[in-house]
Amino acid sequence: MKIKNNLKGIKDTLSGSNCQLIAVSKTHPRELIQEAYDAGQRLFGENKAQEMASKHAALPKDIQWHMIGHLQTNKVKYIAPFVDLIHSIDSIKLLAEVNKQAIKVNRKISCLLQVYIALEETKFGFDSAEVIELMSSNSLSEFSNIEIKGLMGMATFTEDQQQIRKEFNALAELFAQLKAQPLPFNVQMKELSMGMSSDYKIALEAGSTLVRVGTTIFGARNYN
Ligand SMILES: *Cc1c(COP(=O)(O)O)cnc(C)c1O
């Protein structure tokens, strides 16, 4: 009942926008995912490949699985057969491996480029200049089984709402700029993935099309 109400609260906030909710279920047991599913939720986000694969095997097949965490190249094979969207492409090496695994399972895999927008040193991703450079080079065209669908970013972990807004606006600006220019054949600027429990309302105002919310739906995570 609680999960259902939490979902409804977020859905109400998103209603009237073209922003979809990804329920971030990492670390949470299947029963809670099933509960969210029974309340109508179909998009779920995970950050570990094997955890996602075992949940995929056990849960309803019309769930769309989103990989949102840093993905090691040797783990891509676990999710290649079914993953709906990989948000966390943070290197060309990873993209090359996703392409290789996509060819093996005869699929096209949709991906977002993760862009580094936060002040922290630890966040993964490309910087804006690298993304712009990639779009005007030929290097993405060689990935026959990849479809780049947009960008993903994470704001600085801070209470400073202005700082968060500034970072989301900067990513939205890059997104709009790319959208307005010619892009490689396998690139489209459709999805802008930004916003989590603490900042999804700011992200929505900045033009997010996919918010990734965990704690507000499922409660705090237990990493033990
Ligand atoms: C865990 C995670 C989220 C969800 O975070 P909450 O604060 O629980 O909403 C969103 N995005 C990424 C990339 C994450 O790893």
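Read the numbers this way: they start at 1 and go in the same order the structure lists the ligands and their atoms. None of the values given here were measured: they were computed from a predicted structure. One is the number of the first residue; the rest follow in order along the sequence.
- Counting heavy atoms from C-beta on, the side chains of V211 and M196 never come closer than 4.5 Å.
- Between W65 and F82 there is a side-chain heavy-atom pair separated by less than 4.5 Å.
- Donor-acceptor pairing under 3.5 Å is recorded for the side chains of K11 and Q41.
- Electrostatic pairing of E51 and K55 counts as a salt bridge here, judged by a charged N lying under 4.0 Å from a carboxylate O.
- Between K4 and E35, every side-chain heavy-atom pair lies at or beyond the 4.5 Å cut-off.
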List, for ligand 1, each N/O atom that has a protein N/O partner under 3.5 Å away, with both atom names and the distance.
| from | atom 1 | to | atom 2 | distance (Å) |
| --- | --- | --- | --- | --- |
| ligand 1 | 8 (O) | T215 | N | 2.8 |
| ligand 1 | 8 (O) | T215 | OG1 | 2.5 |
| ligand 1 | 8 (O) | R221 | NH1 | 2.7 |
| ligand 1 | 8 (O) | R221 | NH2 | 3.2 |
| ligand 1 | 9 (O) | S197 | N | 2.9 |
| ligand 1 | 9 (O) | S197 | OG | 2.5 |
| ligand 1 | 9 (O) | G214 | N | 2.8 |
| ligand 1 | 11 (N) | R212 | NE | 2.9 |
| ligand 1 | 15 (O) | K26 | NZ | 2.7 |

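- Residues L151 and S193 have side chains not in contact (no heavy-atom distance under 4.5 Å, counting atoms from C-beta outward).
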